Amino acid sequence: MRLWVLLSLLLLHETLQNVTGQPAKSKRPKEPGENKIKPANKKMKPKLPKLKERESSDSSTKSQSIMIQVMDKGRFQKPAATLSLPAGQSIELRCKGNKIGWSYPSYLDTFKDSRLSIKQLDRYGQLILTNSTAADSGEYSCWLLLCNGYSCKKDESKTGSTYIFFTDKGELFVPTSSYFEIVYLNPDKPAVIPCRVTIPSAKVTLHREFPAEEIKTDGTNIIYDVKKGFIYQHPTSDHIGVVYCRAESQGAPQISIKYQLLYVEVPSGPPSTTIVASSNKAEGGDNVNVLCIVLGEPDIEVEFSWKYPGEEYERPAIIQDSWRLINRGIGHTTRISKSVIAIEDFETIDAGNYICTAQNLRGQTTVATRVELT
């Protein structure tokens, strides 16, 4: 009996030790940790990405388009990157801002088309085009202008644009004012055959007139952009000739105007300039001409300026500028630009250095020659 009692007391003592010992070692330290750390992690982790999402949405809002399209019944919507509207339909675009700049197909400016109206209101700029035609197809864009007095610059973060196809089954190609265009092939920049269409789903192919054949687009060297036309990525002299485009869309095919492709022999860059005098030694009373010549790209204009000895004495001089295109082999075209300064009745103050500066969009070149009085 005593033995049984002793064993019972020992078992009861061990059980009490286990019950009172475990909470002290495991449950009490974990409970505070679980209540403070784990729930805190559960609350903080979802919040951090939400804050980042808000920040990213805010930043995307800053670069979002400021353009809206006015629909019927006073509704508004943000225009898509491209719109297809039937020719004849009017369109109104608005861009948010107190001073807005606009860009649209250039011929609307050339002919001062009364169908186009642009106004600046207090809170937005407004563009309205009525009685649209297939020729109105193109890029319409706007931007906020940041002005300081009379000086304004474009705010690149607040812009908007949409390309509008004014569809017309009778005019698959966007009409142009000419029946023949020259496209210059420059070896260091892409060349564009601008046969744009009014229906984006139209099937368009490129053809050579002679020998009569279709020019395949491989997606690498020659590609088609529905907003621009066919693009020669790396033009060469092998591409010269007369080409045209053919379009088809649920009906009889249509042919574009023809394009003469001419290869540019002179590489792009600052003017390649030469200066020469009719004589580097003149006698008193002679007439002296100094000629400045630039060979350059056919479509790049050149501006000339002169410095000459008699300039500081207000000595009269006759300056004439001219240019023309010259063919240097089949399909190779170069623009020759000239500037001539003429000094009549040469005298002592006319002796010295004649300096010609030729400038184009890519830089300038200065050359000089000396004329002496004998």
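Numbers here are sequence positions counted from 1. Owing to the predicted nature of the structure, the values given are computational and were not obtained by experimental measurement.
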Result block: side-chain N/O donor-acceptor pairs under 3.5 angstrom for residues 165-175, not counting sequence neighbours:
unit_1: Thr167; atom_1: OG1; unit_2: Leu85; atom_2: O; d: 3.4
unit_1: Asp168; atom_1: OD1; unit_2: Gly170; atom_2: N; d: 2.9

Is it true that [Y] and [X] share a donor-acceptor pair across their side chains at a distance under 3.5 Å?
X	Y	value
Glu92	Gln69	no
Arg196	Tyr163	yes
Asn280	Thr369	yes
Thr220	Asp218	no
Ser141	Trp102	no

Task: For Tyr232, the option from Leu206, Ile223, Asn221 that meets side-chain contact (heavy atoms from CB on, under 4.5 Å) - done: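 Result for side-chain contact (heavy atoms from CB on, under 4.5 Å) with Tyr232: Leu206.
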Task: Under-4.0 Å salt bridge between Glu209 and Lys258 - done: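 Counted as a salt bridge, because a side-chain N and a carboxylate O are separated by less than 4.0 Å.
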For the pair [X] (side chain) and [Y] (backbone), establish whether a donor and an acceptor sit closer than 3.5 Å, ignoring hydrogens and angles.
X	Y	answer
Thr365	Pro270	no
Thr217	Gly219	no
Ser137	Ala134	yes
Asp286	Val288	no
Gln120	Ile100	yes
Asp72	Arg75	no
Glu297	Thr334	no
Thr357	Thr366	no

- [ ] Among Asn131, Thr130, Asp136, find the one that has a side-chain hydrogen bond (donor to acceptor under 3.5 Å, both in side chains) with Arg115.
- [x]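 When Asn131, Thr130, Asp136 are each tested with Arg115, the side-chain hydrogen bond (donor to acceptor under 3.5 Å, both in side chains) holds only for Asp136.
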TODO: Name all pairs fulfilling the disulfide bond (SG atoms under 2.5 Å apart) condition that reach into residues 230-260, sequence neighbours left out, sorted by first residue then second.
DONE: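 Residue pairs with at least one partner in residues 230-260: Cys195-Cys245.
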Task: Worked verdict on Tyr104 versus Tyr140 for ring pair (Phe, Tyr, Trp, His ring centres under 6.0 Å) - done: CA-CA 5 Å; Tyr104 41 85; Tyr140 291 76; 7.0 Å; no
Open item on the list: Assess the residue pair Lys203 and Glu248 against the criterion (salt bridge (charged side-chain N to carboxylate O under 4.0 Å, His left out)); give the C-alpha distance rounded to whole Å, side-chain angles, the decisive distance to 0.1 Å, and a yes or no.
Closed with: CA-CA 5 Å; Lys203 181 183 178 182; Glu248 188 174 354; over 6 Å; no
Task: Shortest non-hydrogen contact between Cys147 and Lys99, atoms and distance - done: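 Shortest heavy-atom contact: SG-CD, 3.3 Å.
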Task: Closest non-hydrogen atom pair between Pro105 and Glu139, with its separation - done: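 Looking at all heavy atoms of both residues, the shortest contact is CD-O, 3.7 Å.
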Open item on the list: Quick one, Lys216 and Glu214 - any side-chain contact, counting heavy atoms below 4.5 Å?
Closed with: yes
Task: Min side-chain heavy-atom separation Phe304-Val294 under 4.5 Å - done: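 Touching, per the 4.5 Å side-chain cut-off.
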Task: ring-ring contact (aromatic ring centres under 6.0 Å, His included) partners of His207, counting only residues at least two apart - done: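 Applying ring-ring contact (aromatic ring centres under 6.0 Å, His included) to His207 gives Tyr244.
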Open item on the list: Would Asp350 and Arg315 count as a salt bridge (charged side-chain N to carboxylate O under 4.0 Å, His left out) here? Give the steps.
Closed with: CA-CA 8 Å; Asp350 299 317; Arg315 175 78 157 92; 2.9 Å; yes
Task: Full working for side-chain contact (heavy atoms from CB on, under 4.5 Å) between Val340 and Ile319 - done: CA-CA 6 Å; Val340 181; Ile319 298 175; over 6 Å; no
